[in-house]
Structures are given as structure tokens and as C-alpha cells.
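Numbers restart at 1 for each chain; the letters A, B, ... are given by sequence-line order, proteins then strands.
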Number of protein chains: 2
Amino acid sequence: MTFEQLRTFLWVARLGGVRRASEQMNLSQPAVSARLAALEDALKVRLFERSPRGVTLTRQGEMLKDYAEQMFFVHEEIRRRITHPSAIEGTFRVGASETIAQTWLPGFLERLSLEYPRLSVELSVDISVNLRESLLARKLDLALLMGPISDYSVVNIALPDVELSWFQAAGRGQVDFAATPVISYARNTRPYRELVEALFRRYGPGVRVYSSTSLSASIQMIAAGIGVGPYPSMLAGERLRAGQIEQFDPGWLPRPLSFTASYLSEPRNSLAERCADIALEAASQVR
Amino acid sequence: MTFEQLRTFLWVARLGGVRRASEQMNLSQPAVSARLAALEDALKVRLFERSPRGVTLTRQGEMLKDYAEQMFFVHEEIRRRITHPSAIEGTFRVGASETIAQTWLPGFLERLSLEYPRLSVELSVDISVNLRESLLARKLDLALLMGPISDYSVVNIALPDVELSWFQAAGRGQVDFAATPVISYARNTRPYRELVEALFRRYGPGVRVYSSTSLSASIQMIAAGIGVGPYPSMLAGERLRAGQIEQFDPGWLPRPLSFTASYLSEPRNSLAERCADIALEAASQVR
DNA sequence: AGAGGTTACGGGCAGCGTAAGGATC
DNA sequence: GATCCTTACGCTGCCCGTAACCTCT
């Protein structure tokens, strides 16, 4: 009986299939089968009932699952309390929404590589809805998105809000929302819906809203005078100094964007836990 | 980090030396060194301070020891509750005093091999003092002896007392303890000392006592008329029926012999625990 | 035919024992 | 020199991935 056998057993038990576990663990499917067979042979006990559409735990498999989870609880404690961070290796999959990618994500990744010098990072920048989906599908280890994610298996660490301001092309003069398009976030995002709702309530159904999945494309459109829009104050710096855009005040602001660092709690994920902390530090440092 | 690395670490920590652990584990000494080095490399943490006369735990080593012990607690639970007995293999070292070897030990070994068909047994028959010493030196996994062993690390399971009766050669007539040697157990055993004390108290210092480390030699001497002696009633059967010896009653009897099945509790020894139970069953069955 | 799992087989690597090499008393 | 641990070095055996096979829908 080895750790790897038990870990494999747990993933197969959790995901209900050899194939699914093999994908989760970046392993060939026969390798997972072999590990299970080896474990069953080591204990001389049948752990799964095989059926054509997957596997289910036997009574003894259920019992073993409890014990195996206890083992990995202790295992994670060892990693947290004793293992030096430089011993942690493998790939850590981070998902971030673009706002974060454009602000403190570099600082976060720098801290990460400093604390975990042997850990490689796989970064995906996407809209929060997709990040949420990827996290729940275990395609990500940590998601930095507009949260929180309401799911019993997800832990959400609140990150500092991102304040928005209105921006327009420099020297554009008074803004008429009835005539000027508002350039906003991608559809299917919470700030987009909130912005559209606020605009309609204030200026009626005549308001035009452009949406863009790219934050930098948005600010370029604003700079080009195509429209105006709310934009994270802290991102405006360069173009503001270059005199391409300027801030204006229509008398109201969309709500600040609230972000979370979110990760699955299920496999007692101490690495993701610590990385969420690092993200919080990095995000707080910028302000 | 593997189970074997952790197990090796624990033994080195407990015994305070690589060499001692290697003996305990039936492993070459470099193999133990290599396992420790591999563990330290896996955690990227120094676990031992090496000194010329052994090793001592570092602060982090101390912490790991606690976690490792938790791991093996769970590990033992898995063995107890889930592992099929036929999966248990290796060598189980049993020590037994001769009285037991001559009575229910065969029954015990039969039950043992039935429940653990892949377990091989290493049997040592010796006097209880030596068995005690071997057990404490971890040279035995289970000792069936005149117990209990008063040591905080030893668990003693009481076994049924063995009743004694006086025997002499058939047709010898009235026994005069002043003239007839008493053939008894080996020196350095509790029943020997108790017998000598009782004889002196009753018949004065003139009584002669022969001691023998072999129970079957004793009964042969009795049958040959060399002397008389107390002897487990249940062992007398064959020679009694053959008319070689006969029981007699001098009006008193030595106290029954009290036995225990004893094992070390330290490494949460569930196998020894179960085997002690089997021993109790085997011993009780005979009566 | 396709989805899910097992069996067959060759190659790479981890871990063992033997033997030699420090270091400290 | 004795004791204790580490380094060096073949060798074996385990475990992985590829590929073929089995079995239900």
C-alpha cells in the first residue's frame, strides 16, 4: 500500500470512474487501473464494483475512503507545517480575470515564484463565468475573479475592491449619455449587467452599450473617442499621463468591482490556500 | 514522500540511530541512510542532526514524528478494519515458555496459520525471563510467558492458569520430602523460587531440589524414579495412562502457574493484539 | 461504433545490498 | 582502532505508457 495508490483510489472514488481520475491526475488510464488492482491485491479486498458505466465503492471501499481521507489530512498538515516551499513542485493552474491580470497579477506571480521556486504556473485569463466553470471542473487550482463563487466546495477569500472612474477621450467636453456609447465589460459578467441596468434607469432605453471582452481594447476605444466608459482608476495611469484620456464625473459611479481568490476546499488544498493568501498580500500591496 | 520513508524515519527517531533502525527493519544500513536522505530531500528539510554517536531529531524532525505517528495510527486502522488477513505477510516472532509449548501452542499456531495463511512464524521456546528480555529488545512480536511484564510499553493479556499436581513414579509409595529430590522448573523462574520457598518452609533446609530447563526431561526423571515433582495436570495424561507415573497428594500444592500473552504497545501493534486474542482462544479451548 | 475498463509488453528508473570512504572519540 | 554514518556502484524489480482486447449500450 503506497500513498500514490491511496491517492489514486480517492480520486477514482470521488470522480466515480477510472478514466475521469486518470485525466485528473495526468496519468494514462491503464496506470490508474493498475494502481487500483495493486491496492486491492495489497489489501486482498475488493474496493470497487465494476460496471459498464463506471465504478462504485463496495462497503469496504467506503470504509477505506474515510481512512484514506484521514491520511491525506495528515499528509497536507505535513506539507503545511514541515515541507519547505522549495520542495513543492508540479504545475499550479491559476485563472484570473483581465482586470487582475492588468493590475497586481504580475506582483502575485513574482511572490509565488519567490516562495515556490520549483512550482510552475499555468495562467489562464478569462471572464469570471468561465473561470468559475473551470474551477468547478477542476481545471484550475486557484481562480482570481469577480466572486464569490456560491458553492459548498469553494472557499472564497475576499480581495480588495477595485474602484472605477469614468473616462473619456481627452478634450471631448461634456458627455451626453443619450448620444455617446458606453464601452463596458463583456456580456455575461456581473458588472456589465449592473452597468446596463444603471444606465437604463438613469438615461432611459436610448443608451447604447458596447461590450468588449478585452479591457485594453476598451480603453483604446475610449481613447479613440468612440465612446466613454467606467474603468479601473488604477489602470488609467499611463494613458492619463500621456493625455490621451481624461476622467469626468457624471455624478454617479458603478459599484466598485469586488474580487475573490477562490479554490476548491475538497482535497484539503493547502497549497491553494496559501496561494490565495499570497494573492491577497499582492493585491493589498498595490493600493 | 512514501510510507516506507516515513516508517524508516520513525524507527530511526525512536531508536536514535540509523544502525539500530536498520537492524530492527531487517535492512542494510546504507538503505536506511538512503531512505532518510530521500525523505529529507523530498521535504527539503533537515530532520536529524548527525553526531558521531547517533542522530537526534531537529525541531522539524520532532514535528514530523508526531504527524508520522498519526499516519501510522490510521495505517494500522486500515489493517485492522479493511485488510483481509490473507494479505498480511512477513515474519511473526513468537516466544513461548515450555509449558505452553507442550500444551496449547500447537493449537494456537494452527489457528494462526488458518487466519493468516501468508504469515510465517518464527518460534522461540525459552524461559520467561529470557522471553521478557527478547520482547523488550524487540526481538519478539508476541511472548507467551509467565507474566505479566511490568513495563509501561507492554500490554499483557491474561491467559488461563495452569493447574499443577504432584507426580511420582508409579508404585513408589509414600513420599518423604526429606529424602526424595523434588524436580522442578529452571532456576530464575518464578515457580522455581516459590516452590523452593514453600518446600523449605514446610520441610526445612534439608530438602533437595533439582531444576531442569526442560519440562519433558523433568517428567522423564520423575517416571524414572529419580524424584517427584509438581507438573501441569493436563500434560500428564499420556504417561499417566501408560502407568509410568501416578498422582499423589502431600496435602498442599504450589500455586497454579499464571500466564500472559504480552506484546509491545508502542507501534500500535494490531497484529500482535489480534494474535494475543487468538492465543487466549486457543488456551481456553483446551481446558 | 463508442464509452469504459483490463490485459500484454517493452523500457526507464528507483531502491536494494556489497564494498569502500570519511569523521569523531 | 572502533563506532557510526555516507558515498559509490552494479543489479533487480516495479511502474509507466503504448497498443491491443473485452464488454456492455
Please tabulate, one pair per line, all N/O donor-acceptor pairs under 3.5 Å involving side-chain atoms of residues 30-46 of chain A, not counting sequence neighbours.
| unit_1 | atom_1 | unit_2 | atom_2 | d |
| --- | --- | --- | --- | --- |
| A:R35 | NH1 | A:E4 | OE1 | 3.4 |
| A:R35 | NH1 | A:T8 | OG1 | 2.9 |
| A:E40 | OE1 | A:R50 | NH1 | 3.4 |
| A:E40 | OE1 | A:R50 | NH2 | 3.2 |
| A:E40 | OE2 | A:L47 | N | 2.7 |
| A:E40 | OE2 | A:F48 | N | 3.3 |
| A:E40 | OE2 | A:R50 | NH1 | 3.1 |
| A:D41 | OD1 | A:K44 | NZ | 3.3 |
| A:K44 | NZ | A:D41 | O | 3.1 |

Which atom pairs, one a donor and one an acceptor, fall under 3.5 Å between side chains of residues 66-74 of chain A and the rest of the protein, sequence neighbours left out?
| unit_1 | atom_1 | unit_2 | atom_2 | d |
| --- | --- | --- | --- | --- |
| A:Y67 | OH | B:R81 | NH1 | 3.3 |

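Taking 4.0 Å as the cut-off between side-chain N and carboxylate O, B:E281 and B:R274 count as a salt-bridged pair. A salt bridge does not link A:E62 to A:K65: none of the charged nitrogens lies less than 4.0 Å from a carboxylate oxygen.
For DNA chain C, the span of nucleotides reached by chain A at under 4.0 Å from its heavy atoms goes, 5' to 3', from C:dG4 to C:dT7.
Judged purely by distance below 3.5 Å, without hydrogens or angles, the side chains of B:S212 and B:S214 never pair a donor atom with an acceptor atom.
In this view, A:S258 and A:R190 satisfy the side-chain hydrogen bond (donor to acceptor under 3.5 Å, both in side chains) rule, not counting sequence neighbours. Residues meeting the salt bridge (charged side-chain N to carboxylate O under 4.0 Å, His left out) test with A:D126, sequence neighbours left out: none.
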- With sugar-phosphate taken as primed atoms, P, OP1 and OP2 and all else as base, the protein-contact string of nucleotides 3-16 of chain D at under 4.0 Å (heavy atoms; B, S, -) is -SBBB--------S
